[in-house]
There are 2 protein chains.
Amino acid sequence: MREMFLMTPALEKPRLSIRDVAKRANCALGSASKVLNGSLEVSPAMKKRVLKAMEDMGYVPNRHARNLKSGRTYRLGLLMPFASDLYYATLLDAFNETVMETNYRLDVQLHRWIEKEEDVAIRYFVESGMEGVILHPCRTNYENVANIRLLEQYRIPCVVMGPQGICNLPDTVFRGMQDLASGMELLVKHLASLGHRKIALLLPASSSKQLGMHERLDGAKRGVASYQGVKLEVIYMRAGSDNVPSQKDFKTYGISITDYQDYVSKLVKKFLSQKKGVTAAITVNEITAWMLITALKEGGFRVPEDFSVATLGLSNTEHFGGFPLTMAEYSPMDIAQCALDALLKKIEPTLVPPSLVVRRSSAPVCFSSPGQPEEPQNNNKHERQQT
Amino acid sequence: MREMFLMTPALEKPRLSIRDVAKRANCALGSASKVLNGSLEVSPAMKKRVLKAMEDMGYVPNRHARNLKSGRTYRLGLLMPFASDLYYATLLDAFNETVMETNYRLDVQLHRWIEKEEDVAIRYFVESGMEGVILHPCRTNYENVANIRLLEQYRIPCVVMGPQGICNLPDTVFRGMQDLASGMELLVKHLASLGHRKIALLLPASSSKQLGMHERLDGAKRGVASYQGVKLEVIYMRAGSDNVPSQKDFKTYGISITDYQDYVSKLVKKFLSQKKGVTAAITVNEITAWMLITALKEGGFRVPEDFSVATLGLSNTEHFGGFPLTMAEYSPMDIAQCALDALLKKIEPTLVPPSLVVRRSSAPVCFSSPGQPEEPQNNNKHERQQT
DNA sequence: TTGAAAGCGATACCAA
DNA sequence: TTGGTATCGCTTTCAA
């Protein structure tokens, strides 16, 4: 088996050209090309002859030659950090699925949160003649990043995904993103309507690199505003690095999931003992929600009977974790379609709205719960206002 | 913002060629090319001049032209079903990471378990001049699949990942895979050594499409063979389709994770009541393990105190789920390296061995556990044999 | 309808 | 060392 590659027996010329096809079909090179491109100005007879020749010989056209000559690639570049990250993986599939319905194909590159790799990938996209680029940015500031200007120079439309706060992007770049504020608002209102009066917000520790925090908090406040007596407990999480571990943190800081679980467990203990009366929590993503549920269960709490959990997230991600979550969900397909429309139809993207999906992790507050033993109010459930 | 694309103001020629560079650097086209390719036969002065010209103009070479002329692409194709699947996502990152350490780049395509898309992707790889292809196959039989023969015809080395049983592949194709049997053996021995005497094996329902079943069962039997009195309870799982839901099943059959969770819960109830004495289970993958743990907890069992769970899986996947699992782990990087060596160095791949990593989901059997109330043996823990 | 020829943007050979 | 030129495989225009 191995020898096959080393010896390469003299079968036939490995690379066939359209010349060979024309020769075999006994026609001119140009005619063969026309058949290949589905041109109407070839006779059916000729077409059949050429097609047969191609089939017989196992002819495969050379994309590089075609692209070079035609100036078109029908390829869209997608640049994201990792694939083995619930969020990005889900988006990747959605982008692929959406693009597959068009004439285009996706060229996926991963920057692994390494700036240099982002630069290289962008350049690669330009070199390869992408007709559009979807970028999940590695940086928050593109002030002196030369390569991103190449997209402008070479007239390659680009959508940058992610929350607000990324600055110094070229003017020609579109921005697409999720409406995080509305997501938080939905969740807070949902929990409040179930009778929860003290809701914990587990947010990543604020840092200059952390994007979207502002939107999230604003949304939560909006949600609270329409309910009397509901309070938010904002808890900033730090775990190893100064944030909720992302795939990046796991790699960079060598944090293990066990460390993170322990951290969440401690956090749970703390906010259930100190901040009395918390009966529900909203997490920043699904992973943290699952961790939280595990921690709660280890602490003797039942979910959702004693404590409700909800989170922001993408639809179709529930098959990953260990517990069906109540979520404010953003449709990955909507996000993908939005980005694609921007690239292909030059439509300015709008914020993708969330929708609330209630699953097993949230339930009406229970007054005998261990979470709030000292607040035996009995009017919570009916005090709530309408959305 | 939108207008920028539509109007394309007459700045400069969008696409610069090496001709333009040569003109600006006041030299011959050939010299500029040599600088681009780091050839040593250009004077430092000339090199500097050309480099500056390129920099100033924002020149980006055309990959298609280079590939066409040089006949090389330094690209490797990776074809897999989905990205948003714990297993494949993890492998994708590993492949990317491994390839990035070479001169090559990865071209990722997804077939979504659609045979047609597999065919198109393979053809796309041939058209694009991939120098190697890693294939996570869509089919189990390649008898009449023409496109896979193109890889042979065009001398593109190919590694097919996956368990044995895939047939009618060209002789020139390498096969790479994990040593599933040894993984099962490790897990069974581990659980047996903890004193478990009745171990459930949660396997996908046998079907012609299900690969690797044989290896798994064989391995488990090997593990049992070295322990006296240990028994396996093989449980074939069916959920909607006739198998453990994969990403494919979720899409095809519209199974929701809640359905699956309910299914696993029922299964748990059944095998804990009927097959008395089961105190541990081995699942087919992490997702099922997490589901099982959730079901057990809902049934009032503590994990691992009352019941141990272990599974086969890839390393570095623990950050997904809600519970740290004891696993027979295969290193994604090893798998990737193995495949890469096959493509680049033409080394026949060998089975990638697993290693046992004990985490929170397994523990010594506890005799007061609800799982086996009627078998009060007290010599289990010391009866075990050496590995 | 068909065929001949120019040219896409690079590489690489060979003469200067 | 440098410069000119043929060539890679295809698309496309234009003349026959």
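Keep in mind the model is a prediction, meaning the values are calculated, not measured. Quick note on labels: first sequence line is chain A, next is B, and so on, each numbered from 1.
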For this session: Please list, chain by chain and in numerical order, all residues satisfying side-chain contact (heavy atoms from CB on, under 4.5 Å) with Met161(B), sequence neighbours excluded.
Result: Phe95(B), Ile134(B), His136(B), Val159(B), Ile335(B), Ala339(B)
Exercise. Counting only heavy atoms not in Arg72(B), do more than 12 sit closer than 6.0 Å to its CZ atom?
Worked result: yes
Problem set entry | Pair Tyr88(A) and Phe82(A), ring centroids less than 6.0 Å apart | no
Problem set entry | Nucleotide dT2(C), atom P - distance to NZ of Lys48(A) in whole Å | 15 Å
For this session: Could you say whether Leu68(B) or Ala28(B) is positioned toward the 5' end of DNA chain D, judged by the nucleotide with the nearest heavy atom to each?
Result: Ala28(B)
Taking distance alone, no hydrogens or angles, what donor-acceptor pairs closer than 3.5 Å link side-chain atoms of residues 23-32 of chain A to residues at least two apart or in another chain?
none

Exercise. Got a sec, which residues hit side-chain contact (heavy atoms from CB on, under 4.5 Å) with Asp341(B), two or more places apart in sequence or on another chain?
Worked result: Gln337(B), Lys345(B), Ile347(B)
Exercise. Whole-Å distance between dG9(D) C1' and Arg72(A) CZ?
Worked result: 20 Å
Exercise. Under 6.0 Å from the six-membered ring centre of Phe125(B) and within 45° of its axis: does the NZ or CZ of Arg123(B) meet both?
Worked result: no
Exercise. Reading nucleotides 10-16 of chain D from the 5' end, what letters show protein touch, with B for base, S for backbone sugar-phosphate only, - for no heavy atom under 4.0 Å?
Worked result: BBB----
For this session: Please tell me which of the listed nucleotides, dG9(D), dG3(D), dT2(D), lies nearest to the side chain of Ser43(B)?
Result: dT2(D)
Exercise. Between the axis at one end of the helix from dT1(C)-dA16(D) to dA16(C)-dT1(D) and the axis at the other (five pairs apiece), what's the angle to 10 degrees?
Worked result: 40°
For this session: Please name all residues satisfying side-chain contact (heavy atoms from CB on, under 4.5 Å) with Pro349(A), sequence neighbours left out, ordered by chain then number.
Result: Phe174(A), Cys338(A), Ala342(A)
Problem set entry | Side-chain (Glu118(A)) to main-chain (Cys138(A)) donor-acceptor, under 3.5 angstrom | yes
